[in-house]
There are 2 protein chains.
Amino acid sequence: MTKDENSAKRPTLKDVALAAGVSVATASYALNDVGSVGGDTRRHVLEVAARLGYRPNLSAKAMRTGKTSAIGLILPDLTNPFFPALAQNVVHAARESAYSVFVTDTQGSPEAERAAAQALIQRGVDGLIWFPINDEDTLAHLTGGLPVLVLDRDNPRHDLIQIDVDSGGRMAAERLIRAGHRRIGVISGPTDVRSSRQRSESSAEVLRRHDALAWHLHNAYSFDLEPTVAAAVADGSVTALCVGADLIALGAINTLRQRGLRVPEDVSIIGFDNIPYGALAFPGLSTINIPVEEMGIEAVNTLLRRIAKPTESRRRLVFDVTYVERGTVAPPPTP
Amino acid sequence: MTKDENSAKRPTLKDVALAAGVSVATASYALNDVGSVGGDTRRHVLEVAARLGYRPNLSAKAMRTGKTSAIGLILPDLTNPFFPALAQNVVHAARESAYSVFVTDTQGSPEAERAAAQALIQRGVDGLIWFPINDEDTLAHLTGGLPVLVLDRDNPRHDLIQIDVDSGGRMAAERLIRAGHRRIGVISGPTDVRSSRQRSESSAEVLRRHDALAWHLHNAYSFDLEPTVAAAVADGSVTALCVGADLIALGAINTLRQRGLRVPEDVSIIGFDNIPYGALAFPGLSTINIPVEEMGIEAVNTLLRRIAKPTESRRRLVFDVTYVERGTVAPPPTP
DNA sequence: CTGCTTTAATTAAACGTTTCATTTATAAGG
DNA sequence: CCTTATAAATGAAACGTTTAATTAAAGCAG
């Protein structure tokens, strides 16, 4: 029971320098591969550092350099099946560049979002990847000059990564037209965000052009359909549905089945998002795929570039979507 | 274009002290509500700090105190539907105590897991919430004396939060027996982890006692059934399935349907985990619920307590599970 | 009024880095 | 052999906090 039982304090740079017989400055230069350090000395320091298991104290480094090698990821809701894959890829891409990620889930609350941003800034993150609740530029004055990458929303001052939702909405509508449907309902998700609204409007526009738009309703982002929507879905007024979000689409399928209608024999459905659930349904949900994985990776890359070059001109990346055919589209029933 | 365009550097404690006309020490004491500071002075400092929008630099604080107010969360796979709810609640509970969370997803790779732990430790997190890949005590020597809370796995030295899987496995089996089934198959998930293995063994044991165990196979944690499992499921040898993981259960339902069998009319199924997908299936998957939300919250609480009192005796929390009846259990078909 | 205790405030060291400015040693040039 | 340039290494300051040690002021008993 000696005093230092197993308290083996992590070795500090001073310890390394001491053990290597050089000054702290030299040790630092050697380890960071800067300054002018003799080849032998450098090797020796590295060797000693390795032997002692030296790992720099990142807090100290952060204080000195003003960089934390950490970024923040602000998401509305981790349990929204759209986000885990995004978060996963952000975390991985970040790690490849030796960055760590503070993940924050704001539960769809703008106040929580503000608080989260504040907390992260206070922590001194080098940048933020931010999937905001809405399009409002509320964080602008909070973030100050901090590098921010905004996902899927509009924002006048930050780097943007977006999705070509128009094309997605059109693809879905066209697919249903091509299958022969002429009475098609559109359900859009939350309507207070441009990107979300636009999906369904693009669909609706195509359908209108073919004179095939039966109605256009909207529903909260939820598996549960609001009564009026549920009624419209199952009252026989349509033979197909163009839905702005997979989760709602799955809810629609559920409603249809509960009322004795079959998918896709009686009603065809196309969703949007390609959340993992969709592939697991029976039959699998046909949908518009959003390349979340790539988006996550590119978000990190873009943010890190911005961190490195704060003055570079604003970037705006638009990702293509693709139609994923599974099992929920069929020709309309023959009456 | 003055020099300090909009570079409005964040005010430091020195700035506050200066503006308030006190020493840095006094400002610090006042803000942290310690030491002996006169009531007037304290109020004044607080007022000035608020006016300047002062937020302490956490890196500096961390270096001085050795505490970062950050914890790490190490998960095997965020896209595994079991985890997002857990992560969400960890993040929230942590925020309530002014802690931030580094989230790491190790993609089921032990090397990645080690690397992640190293990185987090280097960052100086105050503790780790760790859902390990397996039961091996591999991180023990890495973590040193760092407070660690282990989720759902066995570990001899750390605080533990576990699930009463035995009771869950039994509940599932008993429910099927009670429904009248006598030819029941058991599918277990990954078998290299005690907690996972035990679920199905408890089920199997009950079934054996009732002479109702048709077979006991296992399958990777995946929606796709391995050929032998798929064959067994659909060859008519059983009227019910007791599955150690919802994801596999959903895969089984899919397989059954593809082969023309109905759930639950022809085959009843009970899963385990209560992942969100299950509720969205049609009919909803009957399953054993694990209180992930509470687990997440309690994980944070337990970890923070351990951080505060490192010498307290080891804690081990076992959470009860509950059976959730949805739509996949029915009496066996009458031949 | 003196000496002692309490309260309020301050000074300065320390945490572990990075990095500027400086010193020392070595080599090159005349 | 002296000067000067270059290379290698070092000393010390700084980053923004906390906190132990110290001082100054005030209150109060005797």
Side-chain angles (χ1 to χ4, degrees), chain A residues 7-49 52-70 98 119 121-126, chain B residues 7-49 52-70 98 119 121-126:
Chain A
S7 67
K9 193 175 68 64
R10 265 175 58 191
T12 158
L13 190 56
K14 195 151 90 179
D15 299 330
V16 174
L18 214 64
V22 301
S23 73
V24 175
T26 303
S28 173
Y29 286 134
L31 286 164
N32 293 332
D33 213 7
V34 297
S36 54
V37 180
D40 287 348
T41 322
R42 166 157 287 145
R43 270 186 294 278
H44 183 225
V45 169
L46 260 46
E47 196 259 323
V48 169
L52 296 187
Y54 168 73
R55 325 240 60 187
N57 177 325
L58 293 188
S59 294
K61 186 174 228 162
M63 185 173 45
R64 179 61 229 238
T65 62
K67 296 275 163 211
T68 51
S69 303
I121 291 171
Q122 177 171 182
R123 278 225 125 69
V125 292
D126 296 343
Chain B
S7 66
K9 193 175 67 63
R10 265 175 57 190
T12 158
L13 190 55
K14 195 152 91 179
D15 299 330
V16 174
L18 214 63
V22 300
S23 73
V24 175
T26 303
S28 173
Y29 286 133
L31 286 164
N32 293 333
D33 214 7
V34 298
S36 54
V37 180
D40 287 348
T41 322
R42 167 157 286 144
R43 271 186 294 279
H44 182 224
V45 169
L46 260 47
E47 196 258 323
V48 169
L52 296 187
Y54 167 74
R55 327 238 60 186
N57 177 324
L58 292 187
S59 294
K61 186 174 229 163
M63 185 174 44
R64 178 62 229 238
T65 62
K67 296 273 164 211
T68 52
S69 304
I121 291 171
Q122 177 172 183
R123 278 226 125 69
V125 292
D126 296 342

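By convention in this document, chain letters (A, B, ...) are assigned in the order of the sequence lines, proteins followed by strands, and residues within each chain are numbered from 1. Owing to the predicted nature of the structure, the values given are computational and were not obtained by experimental measurement.
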So which protein N/O to nucleotides 14-16 of chain D N/O distances come out below 3.5 Å?
from: D:dA14; atom 1: N3; to: A:R64; atom 2: NH1; distance (Å): 3.1

Within-4.5 Å side-chain heavy-atom neighbours: A:V45 and A:V48: no
Give, ordered by number, those residues of residues 30-47 of chain B having at least one heavy-atom distance below 4.0 Å to an atom of DNA chain C; if nothing qualifies, reply none. B:S36, B:V37, B:G38, B:T41
As an exercise, state the distance from OG of B:S28 to NZ of B:K61, rounded to the nearest 0.5 Å. 8.0 Å
Please determine whether side-chain contact (heavy atoms from CB on, under 4.5 Å) holds for the pair A:T12 and A:N57, giving the CA-CA distance in whole Å, both sets of side-chain angles, and the decisive distance to 0.1 Å. CA-CA 8 Å; A:T12 158; A:N57 177 325; over 6 Å; no
Side chain to side chain contact (heavy atoms under 4.5 Å, CB included) with B:A17: which residues, sequence neighbours excluded? B:V22, B:V24, B:A27
Can you run down the salt bridge (Lys or Arg N to Asp or Glu O under 4.0 Å) pairs that involve residues 27-46 of chain B, sequence neighbours left out, and say none if there aren't any? B:D33-B:R42, B:D40-B:R43
Not counting sequence neighbours, which residues clear side chain to side chain contact (heavy atoms under 4.5 Å, CB included) with A:R123? List them please. A:F102, B:L58, B:S69, B:A70, B:S100
Of all residues at least two apart in sequence or in a different chain, which pass the side-chain hydrogen bond (donor to acceptor under 3.5 Å, both in side chains) check with B:T41? none
With sequence neighbours left out, the residues meeting side chain to side chain contact (heavy atoms under 4.5 Å, CB included) with B:R55 are A:Q118, A:Q122, B:R10
Among residues 17-29 of chain A, which residues get a heavy atom nearer than 4.0 Å to DNA chain C? A:V24, A:A25, A:S28, A:Y29
Who passes side-chain hydrogen bond (donor to acceptor under 3.5 Å, both in side chains) against A:T68, sequence neighbours left out? A:D126
Shortest non-hydrogen contact between B:A49 and B:L31, atoms and distance: CB-CD2, 3.9 Å
Quantified as the angle between the terminal helix axes (five pairs each), what is the overall bend of the helix from C:dC1-D:dG30 to C:dG30-D:dC1 to 10 degrees? 60°
Any residue meeting side-chain hydrogen bond (donor to acceptor under 3.5 Å, both in side chains) with B:S23, in chain and number order, not counting sequence neighbours: B:T26
Considering non-hydrogen atoms only, spot the tightest contact between A:Y54 and A:L13 and give its length. CE1-N, 3.4 Å
